[in-house]
K.L.:
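One structure is given below, represented as structure tokens, and several questions about it will come after.
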Amino acid sequence: ADDSAAMPSMTMPALPQASGTASVRRQTSAKLNPEAIGSNKVGELTPRCSPRRTQAAVAVLAGLGLSLLAWSLSIFQADKPSNATTTETQATRTDPSRLPFALLSDDGKVREYAESLSAALAIEFSGNTRHIRIQNDGPLLVDPPVIRDRRVWIEAAEGQRPVLVLNRAAYASAAMIDTDGSLILTGIELRASDLANPADESPPLIRTAGPELHLAHCTLRGSSTTSPLIRATSSRVSISHSALFAGATTAVSWRASTGGRLTLDNNLFAGFGAIRLESASPPPFDCEIQLTDNTFVNQFPVQVSFGKRD
């Protein structure tokens, strides 16, 4: 019997062509559905592209366009001069409160602002105490002022820890603060810089001959040539809650005199020496020295010298 009559007819599916060209010819010869290809005519070949590939290509082109635009803008900006410094200077001129130094009146209100410590001290003022507040951490380069016949109080603004650096390049033989009046320093740091010639001895950070010297919550840092950090002939000197790093020299040199008083409370002293007591006349004479809760990391915490000293 003929078995072929009993078997159902089967049509084999067309196998994919190995060659891309042959596949294109097969698709070209096929009849296309006009409704499936929109406005294309029957018999025309519509290029087939995956939606993902289309999106990727658009993304790449967009990225290249943005990169080209950014490159063009960077060249344009590079040709323009920077005006950051000019803008900051103009802002300071229009808003003086941004200046680092403020002169306060006796009631604690700001009277005037200044660009430097010397300028603040030079402002005409008839108050009892020239009270200056520093409202910038710095470091601030200081042209050392010479203060005569004035009571001066220099303090840090709330939340600030200003650092004053002596301009040794211009003032190699001057103290950072030189006064014959009472001096109060609160919450600031004074730093010395080395001289160009290490063999030279630089002056102290503070030189005072006034009635009183008071330091609280301050830091003094000397250089390898600073001697000493403080040279005081004031009758009353008090230093509290402060750190004095003397390096190879002495932190405080005090000219003791009859009725004088030196008070050191809760300080850190580090370096060669902490305190040097001097007197132009030999003992006995009456003076008072009080040391409370201090830490000494010094080779010679206390030195005593009697005799005339210029």
K.L.:
What is the minimum heavy-atom distance between A102 and V110, and which atoms define it?
P.N.:
CB-CG1, 4.1 Å
K.L.:
Hey, what do you get for CZ (F101) to CD1 (I154), rounding to the nearest 0.5 Å?
P.N.:
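Spacing of CZ (F101) from CD1 (I154) equals 8.0 Å.
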K.L.:
Could you grab the distance from atom NZ of K109 to atom CG of L104, nearest 0.5 Å is fine?
P.N.:
12.0 Å
K.L.:
Taking the side chain as C-beta and beyond, is there a heavy-atom pair between R130 and I147 under 4.5 Å?
P.N.:
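Not touching, per the 4.5 Å side-chain cut-off.
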K.L.:
Does the side chain of N267 come under 3.5 Å of the side chain of N294 through a donor N or O and an acceptor N or O?
P.N.:
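Checked: N267/N294 side chains pair up, N/O donor to acceptor below 3.5 Å.
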K.L.:
Atom CD1 of I177 and atom CD1 of I206: how far apart are they, to the nearest 0.5 Å?
P.N.:
5.5 Å
K.L.:
To the nearest 0.5 Å, what is the distance between CG (L185) and NE2 (H214)?
P.N.:
10.5 Å
K.L.:
Hey, are T263 and R261 close enough side-chain-wise for a donor-acceptor pair under 3.5 Å?
P.N.:
yes
K.L.:
Closest approach of V237 and A232, non-hydrogen atoms and distance?
P.N.:
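V237 and A232 have their closest heavy atoms at CG2-CB, 4.0 Å.
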K.L.:
How about N266 and S240: do any of their side-chain heavy atoms sit closer than 4.5 Å?
P.N.:
no
K.L.:
For residues 139-158, which residue pairs pass the ring pair (Phe, Tyr, Trp, His ring centres under 6.0 Å) check, not counting sequence neighbours?
P.N.:
H131-W153
K.L.:
Should F272 and W254 be counted in the same cluster of Ile, Leu, Val, Met, Phe, Trp and Tyr side chains packed under 4.5 Å apart?
P.N.:
no
K.L.:
For a quick test of reading the model, state the closest non-hydrogen atom pair linking A274 to A251 and the distance between them.
P.N.:
O-CB, 3.3 Å
K.L.:
Between the main-chain N or O of G210 and the side-chain N or O of S182, is there a donor-acceptor pair closer than 3.5 Å?
P.N.:
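Side chain of S182 to backbone of G210: no pair is present.
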K.L.:
Among V252, I275, L268, which residue meets the side chain to side chain contact (heavy atoms under 4.5 Å, CB included) test with L244?
P.N.:
V252
K.L.:
Does any non-hydrogen side-chain atom of F269 lie less than 4.5 Å from one of T295?
P.N.:
no
K.L.:
Which salt bridge (charged side-chain N to carboxylate O under 4.0 Å, His left out) pairs, counting each pair once, include a residue from residues 176-186, with sequence neighbours left out?
P.N.:
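Of all non-adjacent pairs touching residues 176-186, those that pass salt bridge (charged side-chain N to carboxylate O under 4.0 Å, His left out) are R148-D178, D178-R207.
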K.L.:
Mind checking whether I184 and L215 sit in one hydrophobic cluster, side chains of I, L, V, M, F, W, Y counted as touching below 4.5 Å?
P.N.:
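Hydrophobic grouping puts I184 apart from L215.
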K.L.:
I need the minimum non-hydrogen distance between S242 and H217, along with the two atoms involved.
P.N.:
OG-N, 3.3 Å
K.L.:
Checking Q135 side chain against L99 main chain: does a donor-acceptor pair fall under 3.5 Å?
P.N.:
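Flag set: sc Q135 to bb L99 pair under 3.5 Å.
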K.L.:
With rounding to the nearest 0.5 angstrom, report the CD1 to CZ distance, I230 to R276.
P.N.:
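If we round to the nearest 0.5 Å, I230:CD1 and R276:CZ are 12.5 Å apart.
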K.L.:
Which distance, rounded to the nearest 0.5 Å, do you find between the CG of L141 and the CG of L117?
P.N.:
11.5 Å
K.L.:
Could you check if a side-chain atom of L220 sits within less than 4.5 angstrom of a side-chain atom of M176, using non-hydrogen atoms only?
P.N.:
no
K.L.:
Decide whether F300 and L264 are clustered together by the hydrophobic rule: side chain heavy atoms of Ile, Leu, Val, Met, Phe, Trp, Tyr closer than 4.5 Å, transitively.
P.N.:
no
K.L.:
Apply side chain to side chain donor-acceptor pair (under 3.5 Å) to residues S105 and R111 and explain how you reach the verdict.
P.N.:
CA-CA 6 Å; S105 57; R111 185 176 183 273; over 6 Å; no
K.L.:
Looking only at non-hydrogen atoms, find the nearest pair between I134 and Q160 and report the distance.
P.N.:
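Looks like O-CB, 4.3 Å.
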K.L.:
Can you find a pair of side-chain heavy atoms, one from F245 and one from T219, that are under 4.5 Å apart?
P.N.:
yes
K.L.:
Are E278 and R231 side-chain neighbours, meaning at least one heavy-atom pair lies under 4.5 Å?
P.N.:
yes
K.L.:
Excluding sequence neighbours, so at least two apart, what forms salt bridge (charged side-chain N to carboxylate O under 4.0 Å, His left out) with R236?
P.N.:
none
K.L.:
Any idea which heavy atoms bring R150 and L121 closest together, and the distance?
P.N.:
NH1-O, 2.5 Å
